[in-house]
Amino acid sequence: MALQPSEKIWKNGQLIPWKDATVHVLTHGLHYGTGAFEGIRCYGTDKGPAVFRLKDHMVRLHSSAKAIQMRIPFTADQLCEATKETVRTNKLDSCYIRPIAFFGVSGIGVNPIGYPVETFIVAFPMGAYLGDEGMKKGIRVHTASWHRAPVGSVPATAKICGDYLNSALAVMEAKMNGFDETVMLNDLHMVAEGSGENIFMVKDGKILTPPVNAGILPGITRASVMTVAKDLGYEVVEQNFSRGELFLADELFFTGTAAEVTPIREVDRRQVGEGVPGPVTKSIQSTYLDVVKGKVAKYSDWLDPVG
Ligand code: PPE
């Protein structure tokens with residue numbers, strides 16, 4: 001996805017020019033994937049730009065860091081303030097925010113204990129992750145030949161840089177085969193998630209999504225959508241399902257900060273439902289997009305105005 005640079009990037013407590021936000025080639029996180037990151041969106045609202053579930057994302061960044069024994073030298077609250085400062089300084093309205101913390105340079109070798117921790121927050125404009133047309137008409141996906149890394153191998157519940165090799169392999173395979181995204185199975189052959197999205201299925205009026213122990217990232221959008229769907233009167237169940245069950249689905253959709261709510265219209269060259277976004281997906285997508293833009297008073301606590 002092409003990048004639209006902004007002016008300043010927050011690095012270890014200071015705003016520095018975009019072009020200076022570089023790292024040394026011996027950065028531990030570069031060699032071994034020992035870092036944690038977040039993806040956050042800020043939306044234009046009646047009260048000006050506001051960040052969606054900012055504190056929840058920064059708390060997750062800290063728990064991801066904990067999973068790899070990394071201590072971020074800023075509290076979640078400090079990182080929230082730094083994020084708002086970064087958005088304000090760059091005069092951004094709606095944007096994507098990428099905080100990242102990783103082990104820096106010290107020696108060489110796999111063990112990073114005692115290494116310095118570098119923390120950056122980058123904010124830049126970003127449109128629909130899977131395209132405007134994908135949001136409207138739905139996307140085409142296939143099942144990856146690469147399975148999600150077994151939960152006994154990496155902490156799948158944490159957003160760790162190195163874990164994304166698995167996602168990158170799967171999404172490259174999908175794109176090279178002409179699909180928009182990929183659905184990954186776990187080591188038990190059950191549906192886990194997309195390369196950067198959680199997955200939901202609508203079947204006989206019920207909404208199903210794999211449980212956290214299926215080896216998924218517990219998405220903040222996933223949690224928000226589960227709440228919104230229940231409030232809309234739908235029954236939402238965390239339940240495992242297999243690849244074959246995807247073919248029986250009435251509707252399928254992805255959720256994620258970047259992907260928001262993206263309908264899936266085809267899976268493994270089989271049409272999903274009528275081949276167009278279904279009524280449940282459409283109602284959840286439109287409610288979600290209203291919620292993030294501050295148009296639904298009930299969820300205003302989820303928005304943090306940048307001021
Ligand atoms: N699963 C994975 C593997 C994942 O990367 C994401 C976020 C989600 C689920 C959804 O989580 P949440 O954003 O909290 O609802 N993927 C981020 C990064 C995508 C990318 O770097 O590209 C995102 O959506 O920001």
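Note that the numbering runs from 1 along the sequence shown for the chain. We count ligands from 1, going down the list as the structure has it; atoms in each ligand are counted the same way. The model shown is predicted, which means the values in this text are computed figures rather than measured ones.
- F52 forms part of a hydrophobic cluster together with Y43, M135, F200, V202, I207, V225, M226, V228, L232, Y234, V236, F253, V261, V280, I284, Y288, L289, V291, V292, V296, Y299, W302, L303, judged by ILVMFWY side-chain heavy-atom separations under 4.5 Å.
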Between side-chain atoms of residues 98-109 and protein atoms elsewhere (two or more places apart, or another chain), which donor-acceptor pairs fall under 3.5 Å?
{"unit_1": "R98", "atom_1": "NE", "unit_2": "E38", "atom_2": "O", "d": "2.8"}
{"unit_1": "R98", "atom_1": "NH2", "unit_2": "Y96", "atom_2": "OH", "d": "2.9"}

Go ahead and list the nitrogen or oxygen contacts between ligand 1 and the protein that come in under 3.5 Å, distances to 0.1 Å, or just say none.
{"unit_1": "ligand 1", "atom_1": "1 (N)", "unit_2": "E193", "atom_2": "OE1", "d": "2.6"}
{"unit_1": "ligand 1", "atom_1": "5 (O)", "unit_2": "K159", "atom_2": "NZ", "d": "3.1"}
{"unit_1": "ligand 1", "atom_1": "5 (O)", "unit_2": "Y164", "atom_2": "OH", "d": "2.4"}
{"unit_1": "ligand 1", "atom_1": "13 (O)", "unit_2": "T257", "atom_2": "N", "d": "2.9"}
{"unit_1": "ligand 1", "atom_1": "13 (O)", "unit_2": "T257", "atom_2": "OG1", "d": "2.5"}
{"unit_1": "ligand 1", "atom_1": "14 (O)", "unit_2": "R60", "atom_2": "NH1", "d": "2.8"}
{"unit_1": "ligand 1", "atom_1": "14 (O)", "unit_2": "R60", "atom_2": "NH2", "d": "3.0"}
{"unit_1": "ligand 1", "atom_1": "14 (O)", "unit_2": "I220", "atom_2": "N", "d": "2.7"}
{"unit_1": "ligand 1", "atom_1": "15 (O)", "unit_2": "I220", "atom_2": "N", "d": "3.3"}
{"unit_1": "ligand 1", "atom_1": "15 (O)", "unit_2": "T221", "atom_2": "N", "d": "2.8"}
{"unit_1": "ligand 1", "atom_1": "15 (O)", "unit_2": "T221", "atom_2": "OG1", "d": "2.6"}
{"unit_1": "ligand 1", "atom_1": "16 (N)", "unit_2": "K159", "atom_2": "NZ", "d": "3.2"}
{"unit_1": "ligand 1", "atom_1": "16 (N)", "unit_2": "G196", "atom_2": "O", "d": "3.1"}
{"unit_1": "ligand 1", "atom_1": "21 (O)", "unit_2": "R98", "atom_2": "NH2", "d": "2.9"}
{"unit_1": "ligand 1", "atom_1": "22 (O)", "unit_2": "Y129", "atom_2": "OH", "d": "2.4"}
{"unit_1": "ligand 1", "atom_1": "24 (O)", "unit_2": "T257", "atom_2": "N", "d": "3.4"}
{"unit_1": "ligand 1", "atom_1": "24 (O)", "unit_2": "A258", "atom_2": "N", "d": "2.9"}
{"unit_1": "ligand 1", "atom_1": "25 (O)", "unit_2": "Y96", "atom_2": "OH", "d": "2.4"}

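- R270 places no side-chain N or O within donor-acceptor distance of the main-chain N or O of L246, the cut-off being under 3.5 Å.
- Residues in residues 19-32 take part in these side chain to side chain donor-acceptor pair (under 3.5 Å) pairs, two or more places apart or across chains: H28-T34.
- The backbone N or O of L79 sits less than 3.5 Å from a side-chain atom of T83, completing a donor-acceptor pair.
- Checking each of I97, I9, L15, I40 against I121 for a side chain to side chain contact (heavy atoms under 4.5 Å, CB included) leaves exactly one that passes, namely I97.
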